[in-house]
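All values below were derived from every heavy atom in this structure, side-chain atoms included, with hydrogens, water molecules and symmetry-related copies excluded.
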Amino acid sequence: MHLITLKPKEHRRIQKGHLWVFSNELKELPKDIAAGESVRLQTHEGKLIGAGFYNPNSLISFRLLTRGEEMPDRKFFERKLSEALALRNKVYQLDDTNAWRLVHGESDGLPGLIVDRFADGIVLQAFSAGMDLHLPLITEILQDLLKPEVVVVRNESILRELEGLPLYRDVVAGSREATVQTIHDAGITFRVDLFEGQKTGFFLDQRENRRIIRRFSKGARVLDVFTNDGGFGLNALKGGASSAMLVDASEEALKRAERNALLNGMENFGLMAGDAFEVLQQMIDAKEQFDLVILDPPSFTKSRKNLPVALKAYRKLNQLGLQLVRNGGFLATASCSHHVSEEDFLQSVHQAALNTQSQLRMIHRNSQPFDHPVLLSMPETGYLKFACFYVTR
């Protein structure tokens, strides 16, 4: 196994628990080591740190898997996947939900890997060359652990391009028909398409926050913007909302949301396709008012250099949303942009409140659910911000 060496003093961050080494932190970048190959890492003084995946073509040149003499072999992957499964089995009961994130990358000691479980289906994503090479082994271990009906690989993220990896999706075990699974979460049933749906088929990270909005949904007229499969809107209806308007730019997403609503016997909902900013402005012009407005947009930036643009977008979106909340109503708003801090996000919401002459009282704030743990030594593993406000004027 090849050995790579850090520059002087560049071992400090990784010895404090971080799992990445950047190209400018290595003494040299060997070009004779294949992308994704397992290598050992040592300090400039020659002290062994551990082993992981190397990629000479990526800004993140090394991802640490093991410390000391342990090797990232089959035994290692069996242990890490079993540990991840044990955590999920402790925090989620199957009678409450049969869908959760099994592996949240670095937080579960498997940098560059995402594994989501949906009923009898498994979806994998690899963001590093090393994990990409190990997908067959990981699939085999998961089949032994969970006996899934189908395993789907959704390697479509543009982050793979940073590793020099192709974008593709494939059913690697089971049939194409089995990629449509029925999941349940806190009393609501969803039909999810693991092959055609967004990301891995369904957004699991807002699970706890969807349940929270039930508390102030009774009798409410609700607007759910960026609804996707209808997660927030259906939870509002489950909480007793008088009606829910589901908005999304994707016609296909709205079809899925409608199907899910009908699957749960819900009828008092509407669907509206269009750009969220334009739809909200049209509603303002029409003098619409809602008791609860929910804003759950996709990430507005994938890099720190675009942070000012993202913050401006969050401010504008929340400003539009607040104009549709009637006095004494609620705003639920979120950000899944890693590069946007909670402080900056809340400041954007505050500025939106000032611009609309609204007084906001935060009644709830949250981040990621139990199956999306945050590794304290890696702030990069935390990304979700969510807050609910009581709105008065």
Side-chain angles (χ1 to χ4, degrees), residues 1-44 48-67 70-72 76-77 80 101 103-115 124-135 138 153-168 199 299 301-307 336-341 372-383:
M1 183 179 289
H2 288 90
L3 181 67
I4 59 174
T5 304
L6 290 165
K7 290 179 179 177
K9 300 181 181 179
E10 296 292 359
H11 61 281
R12 294 171 180 173
R13 190 181 72 257
I14 202 162
Q15 286 192 337
K16 290 180 179 178
H18 208 282
L19 302 180
W20 297 348
V21 173
F22 295 95
S23 56
N24 62 353
E25 297 172 329
L26 289 173
K27 183 178 179 181
E28 58 181 343
L29 287 171
K31 297 298 182 182
D32 59 337
I33 304 177
E37 187 173 335
S38 296
V39 301
R40 292 186 186 276
L41 177 72
Q42 67 176 6
T43 67
H44 186 261
L48 178 66
I49 295 175
F53 298 142
Y54 176 72
N55 188 343
N57 309 313
S58 173
L59 177 63
I60 305 174
S61 292
F62 176 82
R63 299 172 193 255
L64 184 69
L65 293 168
T66 68
R67 293 185 184 270
E70 185 181 11
M71 297 297 296
F76 163 79
F77 279 99
K80 299 305 287 186
R101 175 151 293 182
V103 174
H104 188 52
E106 283 75 0
S107 294
D108 287 296
L110 293 167
L113 178 68
I114 295 294
V115 181
L124 306 175
Q125 288 183 313
F127 300 102
S128 72
M131 281 299 173
D132 205 55
L133 291 173
H134 284 76
L135 284 181
I138 293 166
V153 172
R154 295 290 301 268
N155 280 337
E156 300 152 289
S157 171
I158 59 173
L159 293 176
R160 287 175 56 84
E161 295 178 346
L162 302 177
E163 291 273 315
L165 299 171
L167 308 186
Y168 71 96
K199 300 285 181 137
S299 176
T301 180
K302 298 295 184 183
S303 66
R304 182 160 292 279
K305 68 179 181 179
N306 292 325
L307 181 58
C336 63
S337 301
H338 159 67
H339 295 286
V340 175
S341 68
H372 290 62
V374 176
L375 189 64
L376 289 184
S377 56
M378 286 197 70
E380 296 88 347
T381 58
Y383 65 94

*Would you please test Val21 and Tyr54 for side chain to side chain contact (heavy atoms under 4.5 Å, CB included) and show each step?*
CA-CA 9 Å; Val21 173; Tyr54 176 72; over 6 Å; no
Okay, side chain of [X], backbone of [Y]: is any donor-acceptor separation there less than 3.5 Å?
| X | Y | answer |
| --- | --- | --- |
| Asp132 | Ala126 | no |
| Lys16 | Ser377 | no |
| Arg67 | Gly50 | no |
| Arg160 | Gln125 | no |
| His338 | Gly382 | yes |
| Thr5 | Lys27 | no |
| Arg40 | Leu3 | no |
| Thr381 | Glu106 | no |

*Taking only residues two or more places apart in sequence, or in another chain, which ones meet His372 in a side-chain contact (heavy atoms from CB on, under 4.5 Å)?*
Arg101, His104, Leu204, Asp205, Gln368, Pro369, Tyr383
_Does Glu163 form a side-chain hydrogen bond (donor to acceptor under 3.5 Å, both in side chains) with Ser128? I'd like the steps, not just the answer._
CA-CA 6 Å; Glu163 291 273 315; Ser128 72; 5.0 Å; no
_Nearest-0.5 Å distance that lies between atom CG in Leu307 and atom OG in Ser341_ = 7.5 Å
*Mind running side chain to side chain contact (heavy atoms under 4.5 Å, CB included) on Ile138 and Val103 for me, showing each step along the way?*
CA-CA 11 Å; Ile138 293 166; Val103 174; over 6 Å; no
_Those residues that, when tested against Lys80, pass salt bridge (charged side-chain N to carboxylate O under 4.0 Å, His left out) (two or more places apart)_ = Glu83
*Close side-chain approach of Asn155 to Leu167, heavy-atom, < 4.5 Å*: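 The answer is no; the side chains never approach within 4.5 Å.
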*Result of checking His11, Lys9, Arg13 against Glu25 for side-chain hydrogen bond (donor to acceptor under 3.5 Å, both in side chains)*: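 Filter result, single survivor: Arg13.
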*Report the relative orientation of the aromatic rings in Phe53 and His134; use parallel for angles under 30°, tilted for 30 to 60°, perpendicular for over 60°.*
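Aromatic pair Phe53/His134 classed tilted.
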